[in-house]
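Some notes on the structure that comes next.
Numbered from 1 within each chain, the chains take letters A, B, ... in sequence-line order. This structure is a prediction, so every number in the text was calculated from the model and none was measured.
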Amino acid sequence: AMMFSGHLGEVARVAVEEGAAGLSRFSLRLFTPIAPMLANSAEDVEETLERLGEAAFEYKLDGARIQVHKGGDDVRIFTRQLQDVTERLPEVIEWARAVPVRDFVVEGEAIVLRPDGRPFPFQITMRRLGRIKDVEHVRREIPLSSFLFDCLYLEGEGSVIALPYQQRIDLMSKVIPSSFMIPRIVTNDRAEAEGFLARALAAGHEGVMAKSLTAPYVAGQRGFHWLKLKAAVTLDLVVLAAEWGHGRRKGWLSNLHLGARDPESGQFVMLGKTFKGLTDEMLKWQTEKLLSLEVSRDEWTVYVRPDLVVEIAFSEIQESPRYPGGLALRFARVKRYRPDKSAAEADTIQTVMGLFQKQRGEGQPG
DNA sequence: AGGAGGGGATGCAGTAGGCT
DNA sequence: AGCCTACTGCATCCCCTCCT
C-alpha cells in the first residue's frame, strides 16, 4: 500500500499503458488501484439527454467512493484518492468474500444509512470512515452499506474497462446481488428521468448520475460520459470580511466570510467562508469595493461594514462545531454579486435553519 | 488536462497544562 | 509520577471553478 500513498500521478504511471485498447488508457491488475473515472455537472435532465441520448440514471449517494478488489480470499478496498482503507470496512470485506466469483474489481459508494434506508449526513459517514481504532465496536453503532455501480475486472473476462458501460453493468449484475446494486434506470424519456431524480432527492440523496451506455471506463478523467445532476440551492448572504489571497491571488482580497441576517439582533451570523467561483475580474472588483467598506483589519483579514450581498451556491448545510450559529455551508461558492440587493434584503438565519430542518427531514423517517 | 486556490468535518497523535 | 482534558497540527474524506 505504501507505493500508492503518494500523488495520483504516481499511480497513473504505475498502471501499464494499454495503447491497443485506444479509449481506455490503462490496463488493470488485481490489487493495483486505478484512478477512478469522474463526472462533470449538468444543469438539468434536458441538457443531459441532449448530450448522452438514452442513458443510465443512478442515484447519487453522498458517501465515500470505494474500489473493491477481490482475488480469492484476499480483498482490498481503495478510496477515490487510492488510499487503502481495507481494515476500516469489514462489512465490505464480508460481502466481497460472499460473492460467488473468485476475482473481481467493482466500484461503488460506501455510506451510513438509517434503519429505514435513508441516508445520514455525510458527516456521519466520515465519522465512520475516519475511524481506525475499535472498528469492530463502531460498526455496530454506525454500520456501513455499499452500493455498486461499476465493474472493472471479472473472473473469466479479465479487465472489462474497455467495454461499453451497459455491458459492464450486465456482467456485474450476474454476480452481484441486486440489493448491492445502486438504484438505476435506463431511459431517453425526459419525464421519466425527472421523476427518477425527484425520487432520489425525496429519498434524501444528493441527486442522480447520468451515464453514457456506450462509454468505456476512462480512468482518472473528468469527462462528459458521466454527468451529475443535483438540486441547485443558493442563498443571498452578506460579506462580513475577506482574507488576503495567496499565490496567484496575492494582493487581492480572496476568501470571503459569509453571514446570514438575524432580524432579531440586527447582526449577521457567520456560516463559513469561500474563495470559489471568483474570476480575476471579480477579485479585482471586490478588493477595491471591500477596502472601501473596511472597518478594521488584522494580519490576514480585512473586516468590513456588512453591505455587499453575494449569491452563494452550496451542497448542503452542516452542523458546525466551529461557528456560533452552529451551522456551516458545505462547498460554498460564489455564483454572482447581487448589487441589486441591500444587506437588509439578504437571507436570514431563520431561512437557513429552515433549510437545514428540511434537509434533515428528508433524511429521516416520515 | 492539470494546477491553483482553499472550504468544512472527522479521527488520530502529539503536546501542554492541571489535577491527584 | 501518573492521569485526564484541551488544544493543535496533520491526513483524509467530500467538493468547485477559474486559469494556463
Round to a whole Å and report the spacing from [atom1] of [X] to [atom2] of [N].
X         : N       : atom1 : atom2 : result
Arg65(A)  : dT12(C) : CZ    : P     : 19 Å
Arg330(A) : dG8(B)  : CZ    : P     : 13 Å
Met37(A)  : dA1(B)  : CE    : P     : 13 Å
Leu82(A)  : dT12(C) : CG    : P     : 12 Å
Gln67(A)  : dC13(C) : CD    : P     : 13 Å
Arg80(A)  : dC14(C) : CZ    : C1'   : 8 Å

Flag for Tyr303(A)-Asp298(A): side-chain donor and acceptor within less than 3.5 Å: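 Short answer, yes.
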
Pairs under 3.5 Å (N/O, protein and nucleotides 9-16 of chain B):
residue, atom, partner, partner atom, Å
dA9(B), OP1, Ser320(A), OG, 2.7
dA9(B), OP2, Arg322(A), NE, 3.3
dA9(B), O3', Gln123(A), NE2, 3.0
dG11(B), O3', Gly130(A), O, 3.3
dC12(B), OP1, Ile132(A), N, 2.9
dC12(B), OP1, Lys133(A), N, 2.8
dA13(B), OP2, Lys133(A), NZ, 3.4

Listed nucleotide nearest any side-chain atom of Ser254(A), set dG8(B), dG5(B), dC16(C):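 Between dG8(B), dG5(B), dC16(C), the one nearest the side chain of Ser254(A) would be dG5(B).
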
dG6(B) to dC14(C) separation - C1' atoms, rounded to the nearest Å: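 Looking at atom C1' only, dG6(B) and dC14(C) are 14 Å apart.
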
Looking at Glu157(A) and Leu154(A), would you say the former's side chain and the latter's main chain have a donor-acceptor pair under 3.5 Å?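 Not a single qualifying donor-acceptor pair exists.
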
Testing Lys335(A), Arg338(A), Arg336(A) one by one against Asp236(A) for a salt bridge (Lys or Arg N to Asp or Glu O under 4.0 Å), which residue passes?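 Of all the options given, the one that passes is Arg338(A).
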
So, OP1 or OP2 of [N]: does either fall under 4.0 Å of a side-chain N or O from [X]?
X         : N       : result
Lys228(A) : dC14(C) : no
Lys250(A) : dG6(B)  : no
Ser315(A) : dC16(C) : no
Asn255(A) : dG5(B)  : no
His246(A) : dG6(B)  : yes

Compare all side-chain heavy atoms of Pro263(A) with those of Gln350(A) and state whether any distance is below 4.5 angstrom.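 Sidechains of Gln350(A) and Pro263(A): in contact.
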
If you define the side chain from C-beta out and look only at heavy atoms, does anything of Ile66(A) sit under 4.5 Å from Val92(A)?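 Answer yes - side chains close enough.
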
With sugar-phosphate meaning primed atoms plus P, OP1 and OP2, does Ala64(A) contact a base, only sugar-phosphate, or nothing at under 4.0 Å between heavy atoms?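 Sugar-phosphate, no base atom in range.
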
Apart from Met126(A) itself, what residues make up its hydrophobic cluster when side-chain heavy atoms of I, L, V, M, F, W and Y under 4.5 Å apart count as a link, directly or indirectly?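 Listed partners: Phe122(A).
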
Linking Ile, Leu, Val, Met, Phe, Trp and Tyr through side-chain heavy atoms less than 4.5 Å apart, which residues share a cluster with Leu213(A)?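 The other cluster members (ILVMFWY side chains, heavy atoms under 4.5 Å, direct or chained) are Val186(A).
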
Enumerate the residue pairs fulfilling side-chain hydrogen bond (donor to acceptor under 3.5 Å, both in side chains) with a member in residues 315-325 of chain A, sequence neighbours excluded, ordered by first and then second residue.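 Of all non-adjacent pairs touching residues 315-325 of chain A, those that pass side-chain hydrogen bond (donor to acceptor under 3.5 Å, both in side chains) are Glu316(A)-Arg330(A).
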
Contact list for residues 124-137 of chain A, test side-chain hydrogen bond (donor to acceptor under 3.5 Å, both in side chains), sequence neighbours left out: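 For residues 124-137 of chain A, and leaving out neighbouring residues, the side-chain hydrogen bond (donor to acceptor under 3.5 Å, both in side chains) pairs sorted by first residue read Glu91(A)-Arg128(A).
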
Sequence neighbours left out, what passes side-chain contact (heavy atoms from CB on, under 4.5 Å) with [X]? Give chain and number order.
X         : result
Leu283(A) : Arg249(A), Trp252(A), Ser254(A), Leu278(A), Asp280(A), Gln286(A)
Glu109(A) : Leu61(A), Arg65(A), Phe149(A)
Ser212(A) : Leu52(A), Thr214(A), Ala215(A), His225(A)
Val269(A) : Asp262(A), Ile349(A)

All N/O pairs under 3.5 Å across the protein-nucleotides 17-20 of chain C interface:
residue, atom, partner, partner atom, Å
dC19(C), OP1, Asp280(A), N, 2.8
dC19(C), O3', Arg248(A), NH2, 3.2

Stepwise ring pair (Phe, Tyr, Trp, His ring centres under 6.0 Å) test for Tyr59(A) and Phe196(A): CA-CA 8 Å; Tyr59(A) 278 18; Phe196(A) 188 72; 5.1 Å; yes

Close N or O pairs between protein and nucleotides 4-10 of chain C (under 3.5 Å):
none

Range-with-range stems for DNA chain C, at least three Watson-Crick or G-U pairs under 3.5 Å: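 B:1-5 with C:16-20, B:7-20 with C:1-14 - these are the stems of 3 or more pairs that involve DNA chain C.
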
